[in-house]
Amino acid sequence: MITIYLSDGGRMLEQDQICPGAWIHLCDPSEKEIGRVCAQLHIDPDLVRAALDEEERSRIEMDEGEVASTLILVDTPLVQTEGHTFVYATIPFGIVITPQNVVTVCLRETALPRAFMEGLVKGCSTKKFKRLALQMLYRNASLFLFYLRQVDKASTRVENELHISMKNKELIQMLGLEKSLVYFSTSLKSNELVLEKLLRMDFVKDYPEDTDLLEDVIVENKQAMEMSGIYRDILSGTMDAFASVISNNLNIVMKLLASVTIILTVPTIVSSLWGMNVAVPFEGSPFGFWIVLGVAGLATAAAILLAKLKRWL
């Protein structure tokens, strides 16, 4: 799908045709759509296709072909629903900068381009290509921070549920959140390399404001990396603690069941001895049953007392 936007007084107006100074966004485009955009803007189709590979690494690529163009490929966060829970992951997001246009490419609809389409980012202009790319990178780092806070809230909620239920469902949810943090941490490290390389290039040296903005992006990205590491350590420690608690609870239950089994074995042994087809004490006594029952009761009480002394109960 192709959508074309042109800024006008801080607003993003959707256009029907590609024109100079426009921002072109491609979301899961077909080969025909890729060919159309690349032919009109004279850019290498491989620059556009790079963002459509989910395993593509973050990088910067420059093409000095018919029209000089620069590809900035970073990972952007993505949230999906899975049953009654949310799953967080990352996918590549490509920004292709040409002398007259900016082209963004993504395999799925994400919150990053939507924020610019809906005018949530103030002061952005499609005619300032490098500034728009930097604003997208800043928004991307902010999205990581936003989703990290969501992951932290979700882990706190699941932790509270674990205090009550101790079921496998909650542990599986915690495992999914930990996996999300691993994805975030890996993507943020890759993005950091791209941002550091941008700072060393001539990409932002023409305008001091762009340099300051890129430095802000790097700071925001580092903060997201630190938060991701902290949340992952906390979540990992929490999962280990709850796994130990569940294992300890199982040991307590098994110890209790073993003690009860031993105690119930005592009257069974007494009854078995007096149930043999041989001469036994009290067989001729009218109170023999009650005497044997008393002996079994005393032996059981002694077994219970011993179990309490040994802290088996």
Side-chain angles (χ1 to χ4, degrees), residues 51-59 73-94 106-115 136-196 217-254:
L52 302 178
D53 183 3
E54 291 187 356
E55 304 300 326
E56 194 70 35
R57 61 182 179 83
S58 300
R59 69 178 191 274
L73 190 62
V74 294
D75 287 332
T76 188
L78 176 70
V79 58
Q80 297 173 306
T81 56
E82 188 175 277
H84 299 289
T85 60
F86 293 101
V87 177
Y88 299 88
T90 59
I91 58 173
F93 184 84
C106 197
L107 191 59
R108 301 177 189 173
E109 187 63 40
T110 62
L112 177 55
R114 197 183 310 122
M136 288 183 175
L137 293 175
Y138 186 85
R139 183 70 182 185
N140 189 54
S142 300
L143 283 174
F144 271 107
L145 288 172
F146 174 76
Y147 285 133
L148 282 169
R149 295 187 187 98
Q150 297 299 315
V151 171
D152 183 50
K153 291 179 181 178
S155 64
T156 302
R157 175 181 53 79
V158 175
E159 181 180 346
N160 293 333
E161 293 176 0
L162 271 172
H163 280 292
I164 301 172
S165 63
M166 289 290 181
K167 292 181 180 178
N168 290 336
K169 184 183 74 173
E170 285 75 19
L171 284 177
I172 293 173
Q173 290 179 8
M174 295 281 274
L175 181 62
L177 292 174
E178 187 177 27
K179 186 168 67 173
S180 300
L181 290 175
V182 172
Y183 288 148
F184 279 9
S185 180
T186 304
S187 297
L188 286 167
K189 289 179 182 178
S190 300
N191 291 353
E192 183 186 30
L193 298 177
V194 173
L195 297 174
E196 294 288 352
V217 176
I218 294 174
V219 170
E220 197 85 353
N221 193 79
K222 287 183 180 294
Q223 183 180 354
M225 287 176 59
E226 293 175 0
M227 286 180 61
S228 178
I230 292 171
Y231 290 159
R232 188 172 61 176
D233 291 342
I234 293 174
L235 196 57
S236 179
T238 302
M239 287 188 62
D240 291 342
F242 276 110
S244 299
V245 169
I246 292 173
S247 178
N248 186 57
N249 289 343
L250 178 62
N251 291 337
I252 293 173
V253 171
M254 294 304 296

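Here the CG atom belonging to Leu188 is positioned 7.0 Å from the CG atom belonging to Leu148, to the nearest 0.5 angstrom. In this structure, Asn221 CG and Leu193 CG are separated by 9.5 Å, a value rounded to the nearest 0.5 Å. The CG atom of Leu112 sits 11.5 Å away from the CG atom of Leu78 when rounded to the nearest 0.5 Å. Taking CD from Glu220 and CG from Leu145, the interatomic distance works out to 5.0 Å, rounded to the nearest 0.5 Å.
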Donor-acceptor pairs under 3.5 angstrom involving side-chain atoms of residues 173-180: please list them, not counting sequence neighbours.
unit_1: Ser180; atom_1: OG; unit_2: Tyr88; atom_2: N; d: 3.4
unit_1: Ser180; atom_1: OG; unit_2: Tyr88; atom_2: O; d: 3.1
unit_1: Ser180; atom_1: OG; unit_2: Gly176; atom_2: O; d: 3.0

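Under the side-chain hydrogen bond (donor to acceptor under 3.5 Å, both in side chains) criterion, Glu56 pairs with Arg59, not counting sequence neighbours. Residues forming a side-chain contact (heavy atoms from CB on, under 4.5 Å) with Ala51 (at least two apart in sequence, or on another chain): Leu73, Val105. The side-chain hydrogen bond (donor to acceptor under 3.5 Å, both in side chains) check on Asp75 picks up Ser187, with sequence neighbours excluded. With sequence neighbours left out, the side-chain contact (heavy atoms from CB on, under 4.5 Å) criterion links Thr186 to Val182. For Arg114, there are no salt bridge (charged side-chain N to carboxylate O under 4.0 Å, His left out) partners, not counting sequence neighbours. Applying the ring pair (Phe, Tyr, Trp, His ring centres under 6.0 Å) criterion to Phe93, with sequence neighbours excluded, gives no partner residue. Applying the side-chain hydrogen bond (donor to acceptor under 3.5 Å, both in side chains) rule to Lys222 yields the partners Glu192; only residues at least two apart in sequence or on another chain are considered. For Glu55, the side-chain contact (heavy atoms from CB on, under 4.5 Å) criterion is met by Asp53, not counting sequence neighbours. When the side-chain contact (heavy atoms from CB on, under 4.5 Å) test is applied to Leu107, the partners found at least two apart in sequence or on another chain are Asp28, Leu52, Glu54.
With contacts defined as side-chain heavy-atom distances shorter than 4.5 Å, the pair Leu143/Thr110 does not qualify.
The list of salt bridge (Lys or Arg N to Asp or Glu O under 4.0 Å) pairs with a residue in residues 147-159, not counting sequence neighbours, reads Arg157-Glu161. Applying the side chain to side chain donor-acceptor pair (under 3.5 Å) test to residues at least two apart or on different chains, none of the pairs has a partner in residues 226-238.
Closest approach of Pro92 and Cys106 over heavy atoms only: O-SG, 3.7 Å.
The aromatic rings of Tyr147 and Phe184 are tilted relative to each other, their planes meeting at an angle between 30° and 60°.
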